Amino acid sequence: MKKGLKSLAVIMAIMTSASALASCSSDYTYPDADWNEGVIANVGGKEVSFKDVYDLMEGKKESAKAMYATASNILAQFVTPRSEYILTSVEQKMDDQKETWKSSASTNNTSYKEEQQKTFDSEGVLDEEGLRNKWIAAAQVSQNKSDYNLTYNGTTEGETSYQYHISEQETKNFVKTTRPYHVSHILVKVDASGDGAGTYEGTISSDNAKKIGNVVSGLISSESFGDTAYRLSDDSSNTSYGDLFGGSTSAQPLMTSTSYVNEFKLGLYSYEAFINSKTKDNKELREALRIPGTEIEGDEVINKSVTNDTINSSGKAFGIPISAALTLAFEAEQDKSFSGYAVRSENNYSVSANQYPRNILFNNYFNNHEISFLYNDRAEYPSKFVKDVNAIVAARNAAKPEGSADVPAYSEVDIASTIAALKDGKDSSATPLPEDFDLSDKYDEWVAVSRQLGLKSTDGSVNEESTAFDATKFQTIAGVSDKLVTYKSNTEAWNDDSVENIVDLPASYGVLSYKREMGGVRSYSPVLITRAGSGSGDSGYQGIHFIVVNNDPFGTGDDATDKAYNEGAYQYRYYRVNKPDTTHTDTTAYTADYSTNPSIVNFLKSDLKSSASSTFYSNRITAVNSTINGYDSNADFKLWESNLAKFKAKFNRDFTSLLGDYASDINLYITQTKAASKTSANETLDASWKTFVNTSKLYEDLQKNYIIPTSVIAYFQYGEITADMEATAHVKK
Amino acid sequence: MSRNKHVATLAALCTLFLASCSSTEVKYPKDYSETLFKDVETFAGEKGETIVENSKKDYYETVLSTNTAYANALNRILLAISTKAHNATGHNPGTNVSNILDDVNADTSIYGMKDEEAKAAGTNNLKNRAWNTMMSSAKSGSYTDDNLFYESRFIRSLQEAFTLGNTEANPRFVNGVLITPFMTEADVFDTTSAQYDYYFRNSLFEDTQLSYLTSEYIYEKSYSSIGATNARTVQVAALEERSDKPNFAKKLLNAYIRDYVKGTGTDKSLVGTDKDFSVLSKLWKGIDEADVINKMTDSEEERTSLKERYASVLLTDSERQWLFANGLISTDDGTAEGAVNEVGSLTGKVLDDKKKIEEGVEDLNKMDTSLYSSYTGSYTYDVDTGIRKAIDDIATKSLVTRGTYLKSDGLSSLPTTLKDRIFDSTMVTDKADLETMKKTENLDKVTEDALTTFEADGFRYVVNPQAQNSDDNLLYYDASSSTYYLVRVLDVASTSSLNKENADSMYTAAQKELLARRVAYAMSSTSTYKTDSYIYWLRRTNIKYSDEGFLEYMKSNYKDLFKTESSVDSEDRIDISEVDFANIF
């Protein structure tokens, strides 16, 4: 070989000389390259060799990386048999190549051997046997990778019918690394700006308001979450019944690396870390989800510069009374007083859309970028309604026309008589109200809202015959029901002490929740509600999200009854890829019944209106496979580790022991590359947390100071905002 | 037919030649065909396994491209030369260019140095410049969180890049540091241990060493071009006036000049005490414990943290009293209500804004939404955070430009008229003239020089010919940027001042060399000097090419190296035969 190259060098020298002579001029003289294998140049007797240059690479990352690439290639050859299939395929390729050499020789007017040599040169081999072996090795490496990415049965005792992409262990790794949440949601896009002044005086359209109310109306009825999503969600996931894993073969669960809007993803994480009584003290969760302020080993504190003192991180959350949501829908179009006049302020300040009832209700209850919960205020709605009516009466009496008598307050005790009086007032069959005052619409509001709450519209008692309201959906959830807060909606000292503008709700309430299916065990998942996104208009995921967690990665089952759940079995088992199939004898692993043995594959089946398409399960399985294949940017190292184990099993020896001094560099390369990826992922998540916490705090500040209290609605509905209410109502000069 | 056959043969040869040239087999160390993992091969043989692609060539072709190998080879040669290039002119045997006289301290006036100091400068050039690079890295923002630099992040990045060596590194500043302009490397890195030595040697020294090699060429072979750059070592303080209180910057500067520069104020003890404008910077920034930090938060814990954060730029009691004495704040303890608004400083503006925002919070009709948006990062964080970020910006902002700059590309942000005066080639450099200017009776007067004057603090300042009175004669005001400039000239490179034969120059021979070396280093980043330098040094060796590809690489990048004739040929060859490539540093 060396001899051959040397001969070549002589030819090269001749050619170079010829070339040099051709280009020579009097100004420049080019020397010849006096070929000497392995030597680049000789500088005054000092040889500069390729070895000198390559020696400098020792200990560098590029060197360790190249060592790893070479070693991993070799390892793959060791652990992948030269199967008949591989040998036959390569033999066929060799035959094809021979034909190519023949035809190329003919085309290029060269010899067969010359064409062969070209291929040998370009492939870096000496002869045909070398080429064959190279191609076999390439096929082995390719086969090795394919084998790795197959689906295998579980290895846990009693679960060998469970199928996992790559391996049961890899599915466990996936869950442990990415912490996947399987979530569904309903999105109501709103056209209010999601930032700037839109965070405290957002103005939505009447259609937006109706849509929010309609979604709530659906959620509190016997309709399933998926059906409500299917009917009303503005997100494309509506066709998958709100399931964010549905819809495509590239779907993914919500992982720590997933780019959901912060309010959705980090709102959910905040709920888990600070509110959910089953997980909030879970250190593993706090570390995995990078909760700011969490101390980890080595005295390091996650996101140290972020002071996480938001409402949610204090363990509290805003409560949204159902009645407010339903009223929002009913009064969606109100832009004038009940008497039909444009609303004025006593000092003629500008009354605008900011003071419309729908916007006041929206800002107080839905325009919250942290997690809120919908709570059941049905029992107190009748008395609350009468209080609202009397607030309008008081507003009227404060601004009544000169000479007009006060309208007496309605009874807050005898609800039935108040309702009857309002009804009479509308029908004008009783003592008429003064001309400037009309409560007909308020009565209509009562009728509409009370019916949706399953109340009798005559006296506000529970209407047993109503199916509109499903009280079982409202569960008392520890850590949520008793931790709800609201804005203090009164006119006194509104801005004197902003902190006090947020107060605890006086009682514990049932919150809208859905049953979680966990293999026969039931738990309840509250519906998380958040205002997400920024900017304005119909863009991105800007709007109100109603979120349900179908499955979480931290074991939030009932501790007493489902030990397996809390030990994590359901987390990885949920990502099994058995295709539901009644032909298998193990009906547990292959069941299509989500309620008995849930998986992300068999989810939704029961919600589908028509029978599942033939590709329904296959597509979901493909999505799981794709997710597990792609969740780790260093998947190559996993193949390496898998091959190391295979090597050990096959030869009863550690492959790295054959790598001599290079082993430590290779290990360092793997360790550091993994560490860099982890650091990068952590920094990305930390940056999102920082933004989320900072904006949450800002929005809290803005809302505490600038939100228009619901008490202003009464003045608007009467038609005049009195002078002493102008500042509170934020009517502007 | 015969001729055709000949052409065909030549074509075939060419094809073979080209194919062979494109082959990468000979572009590796001689052992390329040897087994990489020898134990693997033995083991495979024992087990009857066929394993291929276990040669060193497989590793070599992955680790380095051929062109990179050539570039690295050239660097090896140049670095080897650099160990023998200093003072290697003509027939002198040379020494390492890292021994070149140099002083990288931007605030050093060579004119003010004693001869023995000038002759001793430059003992630790590579390391000093490496620390400068480290400081640039620290300021780059890549290793910061919330404006604080974390040495731990920097160390982690070096570890991940394999550039820290096997050192068990530990950050000295675990809590993060807000890097302000006058901090040194010792304030942000662990300079007490040798944990960065490997990084320096393997990643930072090489570029610096090659720059010194170029500077040596410039100094020895193109000396006259150094003076022609009209380089200046300066300290330029730039104070942009507050739009809401436009008189405060000037008020401060006038008072500062009286007390710290001219000694015409009441406190004579201050004259000459601010040698780098760091005090002036602090005064204009106005970050004060009582008036600023205590207004930012009520929490004692947070106040302590903020004091630590801003420690390097926090006003001292005497500085605050000086501001009070000069009418720049209304109280001298910062406790009186309203004092905040009287702080005519950069921070005072932030506190004014804070107050306006708070008024807007009280009454929506008074809300300045633009201001609110500005201090919340367009509604992405709360106002308190925004205030702190704004003060961080002030603390880290550099109000003083310090260093040696070439006329051709230096100080580009300054107004043209000022820049022209700073780089004016007629600036006096005659020793006797300067001595006259420095006489007590001539201080603050434009005597020999229409451009500069010496002041009582011992510094030379650029004067403003437009000044209406002596209070303003050192101040330059640029209306387009509303900025006042105060410019100290520490050193003046010119054809005359650096002329080795000029005995009347303000500089001694040693000073001339030190300044010329400094300027030459600044010039070394210019690509033409770099190329010319490499060609010069390579010409002074006898290079015999073994690798055709390397020859082509050199022809392509350093064509003039192949000039048939060169004056360099009369100089002695530089012998690098004993240099060990692996141990240059």
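Keep in mind it's a predicted model, so treat the numbers as computed, not measured. Within every chain, numbering begins at 1; the chains are lettered A, B, ... in the order of the sequence lines, protein sequences first and strands thereafter.
The candidate with the highest count of non-hydrogen atom pairs below 4.5 Å against chain B, out of A:T199, A:I74, A:D195, is A:I74. When the candidates B:E41, B:M367, B:M554 are compared by the number of heavy-atom contacts under 4.5 Å with chain A, B:M367 comes out ahead. Listed options B:G176, B:A161, B:G549 were ranked by heavy-atom pairs under 4.5 angstrom with chain A; first place goes to B:A161. Interface remark: of the candidates B:L148, B:D560, B:L561, B:D560 forms the most heavy-atom pairs closer than 4.5 Å to chain A. Your options are B:D146, B:N72, B:V579, B:I576, and the one with the most heavy-atom pairs under 4.5 Å with chain A is B:I576. Between chain A and the residues B:T385, B:N542, B:T62, the largest count of heavy-atom pairs under 4.5 Å involves B:N542. Chosen from B:L538, B:T376, B:T541, B:I51, the residue pairing most often with chain A at heavy-atom distances under 4.5 Å is B:I51.
With a threshold of 4.5 angstrom between heavy atoms, A:K674 does not approach chain B through any atom at all. For a residue to count as touching a neighbouring chain, one of its non-hydrogen atoms must lie under 4.5 Å from one of that chain's; by this rule A:F78 touches chain B with backbone and side chain alike. The contact between A:Y669 and chain B is made by backbone and side chain atoms together, counting heavy-atom distances below 4.5 Å. Contacts between A:S657 and chain B at a heavy-atom distance below 4.5 Å involve the backbone alone (N, CA, C, O). In this structure, chain A has heavy atoms under 4.5 Å from both the backbone and the side chain of B:A44. With a threshold of 4.5 angstrom between heavy atoms, A:V141 does not approach chain B through any atom at all. Heavy atoms closer than 4.5 Å to chain B are found in the backbone of A:A197, but not in its side chain. Of the two parts of B:A73, the backbone and the side chain both hold a non-hydrogen atom closer than 4.5 Å to a non-hydrogen atom of chain A. Neither the backbone nor the side chain of A:E726 comes within less than 4.5 Å of any heavy atom of chain B. For A:E47, the part lying under 4.5 angstrom from a heavy atom of chain B is the backbone only. Residue contact with chain B, scored on non-hydrogen atoms closer than 4.5 Å, involves the backbone and the side chain of A:L668 alike. Using a 4.5 Å cut-off between heavy atoms, A:K134 touches chain B through backbone and side chain atoms alike. Proximity to chain B (any heavy atom under 4.5 Å) is shown, for A:S63, by both the backbone and the side chain.
Looking at B:Y70 and B:D547, their side chains do bring a donor and an acceptor atom within 3.5 Å of each other. Between the side chains of B:N67 and B:S65, no donor-acceptor pair of N or O atoms lies under 3.5 Å. When only modelled atom types and interatomic distance are considered, B:T297 and B:E302 share a side-chain donor-acceptor pair under 3.5 Å. B:R309 and B:N175 share no donor-acceptor pair across their side chains, judged by distance under 3.5 Å alone. For the residue pair A:T29/B:T564, the side-chain donor-acceptor check at 3.5 Å is satisfied.
The aromatic ring centres of B:Y553 and B:Y558 sit 6.0 Å or more apart.
In this structure, B:F562 and A:Y30 have tilted ring planes: the angle between them lies in the 30° to 60° band. The aromatic rings of A:F647 and A:F655 stand perpendicular to each other, their planes meeting at an angle above 60°, with 30° marking the opposite boundary.
A salt bridge links B:E34 with B:K56; the closest basic N to acidic carboxylate O contact falls under 4.0 Å.
Seen from the ring of A:Y28, B:K559 counts as a face-on cation partner, given the 6.0 Å and 45° thresholds.
Under the salt bridge (Lys or Arg N to Asp or Glu O under 4.0 Å) criterion, the residue pairs touching residues 69-79 of chain B are B:R76-B:E206, with sequence neighbours excluded.
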Taking only distance into account, with no hydrogens and no angle test, what donor-acceptor pairs under 3.5 Å do side-chain atoms of residues 53-61 of chain A form with protein atoms, sequence neighbours excluded?
{"from": "A:D55", "atom 1": "OD2", "to": "A:K51", "atom 2": "NZ", "distance (Å)": "2.8"}
{"from": "A:K61", "atom 1": "NZ", "to": "B:E160", "atom 2": "O", "distance (Å)": "3.2"}

